[in-house]
Amino acid sequence: WNAFHYLRGWQYDEHKDKKAKRHNCLLPLEQFHSDEARETYQYDLLSILNIPLYLAYTGYEIVEAA
């Protein structure tokens with residue numbers, strides 16, 4: 001969830017503001033020190049890295065555009 005929002009330009013702020021792409025639940029990356037925060041980061045990262053596997057499992061593949 002964090003990676004999804006960070007990759008789309010969202011930033012942490014104490015107050016949620018959808019128009020400004022700010023959210024109070026986005027933990028700043030430099031604060032990922034607790035075990036729970038690291039697990040969340042790893043979950044987000046692995047979800048992105050495994051997209052080719054998810055696609056292959058459903059019969060799709062990633063190919064180079066012509």
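Sequential numbering from 1 along the given sequence is applied to the chain's residues. Note that this is a predicted model, so its numbers are computed, not measured.
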A.B. asks: Tell me every residue that passes side chain to side chain contact (heavy atoms under 4.5 Å, CB included) with L46, counting only those two or more places apart in sequence or in another chain.
C.D. replies: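 L46: side chain to side chain contact (heavy atoms under 4.5 Å, CB included) contacts with N50.
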A.B. asks: So which atom in L26 and which in H5 form the shortest heavy-atom distance, rounded to 0.1 Å?
C.D. replies: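 Shortest heavy-atom contact: CD2-CB, 3.9 Å.
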A.B. asks: Could you pull out all residues at least two apart from A20 that satisfy side chain to side chain contact (heavy atoms under 4.5 Å, CB included)?
C.D. replies: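 Side chain to side chain contact (heavy atoms under 4.5 Å, CB included) list for A20, sorted by chain: D17, R22.
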A.B. asks: According to ring pair (Phe, Tyr, Trp, His ring centres under 6.0 Å), who are the partners of H23, at least two apart in sequence or on a separate chain?
C.D. replies: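 Testing H23 for ring pair (Phe, Tyr, Trp, His ring centres under 6.0 Å), a comparison that skips the adjacent residues, returns W1.
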A.B. asks: What are the two closest non-hydrogen atoms of N24 and K16, and how far apart are they?
C.D. replies: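 Heavy atoms only, the tightest pair is OD1-CB, 3.8 Å.
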A.B. asks: Starting from L7 and following side-chain heavy-atom contacts under 4.5 Å between hydrophobic residues (I, L, V, M, F, W, Y), which residues can be reached?
C.D. replies: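 Same cluster as L7: I48.
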A.B. asks: Just jot down the side-chain hydrogen bond (donor to acceptor under 3.5 Å, both in side chains) partners of Q42, sequence neighbours excluded, or say none.
C.D. replies: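 Q42 satisfies side-chain hydrogen bond (donor to acceptor under 3.5 Å, both in side chains) with no other residue.
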A.B. asks: Using the test side chain to side chain contact (heavy atoms under 4.5 Å, CB included), find all partners of F4 that sit at least two apart in sequence or belong to another chain.
C.D. replies: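 Per chain and number, F4 pairs via side chain to side chain contact (heavy atoms under 4.5 Å, CB included) with R8.
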A.B. asks: For Y57, enumerate each residue passing the side chain to side chain contact (heavy atoms under 4.5 Å, CB included) test, keeping only those at least two apart in sequence or located in another chain.
C.D. replies: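 With neighbours one apart ignored, the set is empty.
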A.B. asks: Output the distance between atom CG (L49) and atom OH (Y54), rounded to the nearest 0.5 Å.
C.D. replies: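 That separation rounds to 9.0 Å.
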